[in-house]
Number of protein chains: 2
Amino acid sequence: MATAIAGNTDRAARWFHALSDPTRLGIVIRLTNGERCVCELTDALDAAQSRLSFHLKVLKDAGLITDRREGRWVHYSLNREAIDEAGQFLASLKPRRRLKVECCG
Amino acid sequence: MATAIAGNTDRAARWFHALSDPTRLGIVIRLTNGERCVCELTDALDAAQSRLSFHLKVLKDAGLITDRREGRWVHYSLNREAIDEAGQFLASLKPRRRLKVECCG
DNA sequence: ATGATATATCAAATTTTGTTGATGTGTCAA
DNA sequence: TTGACACATCAACAAAATTTGATATATCAT
């Protein structure tokens with residue numbers, strides 16, 4: 001439920017950290033329409049190979065993407081569930097009760 | 001439109017960076033039901049004052065929260081629009097066309 | 001087997017973030 | 001107008017993330 005989602009701050013922080021870099025967002029965006037191999041991403045993002053590999057690992061460790069080896073190529077895809085959960089976390093930040101709190105009286 | 005949202009990676013990266021820390025998420029969660037003054041947040045989060053102030057600034061610089069001074073107190077509130085936009089960014093990561101791309105032939 | 005290709009990993013250097021304690025600023029009360 | 005309070009900012013340091021270039025690993029073609 002919503003409260004539980006919002007309570008899991010460490011997990012959410014990890015998702016958002018993984019999404020906090022333009023290169024990684026570029027990767028994620030390019031995975032939107034389906035699996036892509038690293039070679040395609042390297043071209044599209046114009047990033048050095050080890051650098052791209054690093055960012056892919058960050059995303060993978062955060063559970064936002066998964067990989068699949070096929071021959072000598074590795075294909076990455078989005079983990080929709082995780083993306084959705086991150087979205088739900090944000091959605092859980094809607095006001096639930098409107099408190100007019102007077103503090104610091 | 002969706003593409004434009006997903007295209008604005010730098011802006012999105014800034015939102016997600018601001019959300020990438022448990023203390024900051026703690027702040028955001030506590031602002032969910034309305035404005036809070038720094039004093040309340042300090043208590044609730046058990047954080048040193050300058051530390052809290054630092055994190056509030058990160059959130060504010062990212063446009064996720066706003067502040068309002070009232071006497072000697074400063075009250076912070078969520079910027080719903082920005083939170084929503086971040087959510088929309090994630091929502092924009094839904095598959096639009098299903099391409100069965102054969103690469104690396 | 002040998003070499004080439006695709007990708008991962010590693011170590012070192014660099015950059016960015018976060019923490020802490022001290023000090024500054026604005027506001028209020030006496 | 002002095003002192004206390006709430007908060008921001010700063011400087012120094014610590015810790016974490018990122019980049020780069022080199023090397024390792026797996027797979028494939030010859």
Side-chain angles (χ1 to χ4, degrees), chain A residues 9-28 30-31 35-77 101-105, chain B residues 9-28 30-31 35-77 101-105:
Chain A
T9 52
D10 284 9
R11 194 148 153 262
R14 259 174 259 129
W15 291 327
F16 293 128
H17 169 256
L19 295 170
S20 72
D21 174 276
T23 299
R24 291 197 289 268
L25 286 182
I27 293 170
V28 161
R30 273 156 239 270
L31 296 182
E35 201 175 63
R36 291 285 180 269
C37 80
V38 178
C39 55
E40 289 176 291
L41 295 169
T42 309
D43 288 355
L45 293 163
D46 182 38
Q49 186 263 316
S50 69
R51 185 166 163 268
L52 186 56
S53 208
F54 166 78
H55 287 297
L56 286 166
K57 183 164 164 39
V58 172
L59 286 166
K60 188 181 164 190
D61 287 349
L64 293 178
I65 64 178
T66 57
D67 59 349
R68 175 178 74 82
R69 174 175 281 266
E70 185 178 337
R72 32 182 161 171
W73 294 281
V74 177
H75 300 260
Y76 281 90
S77 14
V101 198
E102 282 309 319
C103 86
C104 331
Chain B
T9 53
D10 284 10
R11 196 149 151 261
R14 259 174 258 129
W15 291 327
F16 293 129
H17 169 256
L19 295 170
S20 72
D21 173 276
T23 300
R24 291 197 288 269
L25 286 182
I27 293 171
V28 161
R30 272 156 239 271
L31 296 182
E35 201 175 61
R36 291 284 180 270
C37 78
V38 179
C39 55
E40 288 176 290
L41 295 169
T42 309
D43 286 356
L45 293 163
D46 184 36
Q49 187 262 315
S50 69
R51 183 166 163 265
L52 186 57
S53 209
F54 167 80
H55 287 297
L56 286 166
K57 183 164 164 40
V58 172
L59 286 166
K60 187 181 165 190
D61 287 350
L64 294 178
I65 63 177
T66 57
D67 58 350
R68 174 179 75 81
R69 174 175 280 267
E70 186 180 335
R72 32 183 162 170
W73 294 282
V74 176
H75 300 260
Y76 281 89
S77 15
V101 199
E102 281 310 319
C103 86
C104 332

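Convention: sequence-line order gives letters A, B, ...; per-chain numbering from 1.
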Answer yes or no: is there a donor N or O on one side and an acceptor on the other, between the side chain of A:R51 and the main chain of A:S53, under 3.5 Å?
-> no

Return the value, rounded to whole Å, for the distance between atom [atom1] of [X] and atom [atom2] of [N].
{"X": "A:E70", "N": "D:dC28", "atom1": "CD", "atom2": "C1'", "answer": "13 Å"}
{"X": "B:W73", "N": "D:dC5", "atom1": "CH2", "atom2": "P", "answer": "11 Å"}
{"X": "A:R72", "N": "D:dA24", "atom1": "CZ", "atom2": "P", "answer": "21 Å"}
{"X": "B:H55", "N": "C:dG18", "atom1": "NE2", "atom2": "C1'", "answer": "6 Å"}
{"X": "B:L45", "N": "C:dT19", "atom1": "CG", "atom2": "P", "answer": "12 Å"}
{"X": "B:D46", "N": "C:dT19", "atom1": "CG", "atom2": "P", "answer": "13 Å"}

Which atoms of nucleotides 8-17 of chain C (N or O only) lie under 3.5 Å from a protein N or O atom, and what are those distances?
residue, atom, partner, partner atom, Å
C:dA8, OP1, A:Y76, OH, 2.6
C:dA8, OP2, A:S53, OG, 2.8
C:dA8, N7, A:Q49, NE2, 2.7
C:dA8, N6, A:Q49, OE1, 3.1

Identified side chain to side chain contact (heavy atoms under 4.5 Å, CB included) counterpart of A:L31 within the set A:L64, A:I65, A:T66, A:L59 = A:I65

Please lay out, stage by stage, how B:R24 and B:H17 fare under the test side chain to side chain contact (heavy atoms under 4.5 Å, CB included).
-> CA-CA 10 Å; B:R24 291 197 288 269; B:H17 169 256; 3.8 Å; yes

In terms of heavy-atom contacts, does CG of B:D46 have more than 12 from other residues, nucleotides or ligands at under 6.0 Å?
-> no

Close side-chain approach of B:R30 and B:L45, heavy atoms under 4.5 Å = yes

Would you check if A:Y76 and A:I27 make a side-chain contact, meaning some heavy-atom pair closer than 4.5 Å?
-> no

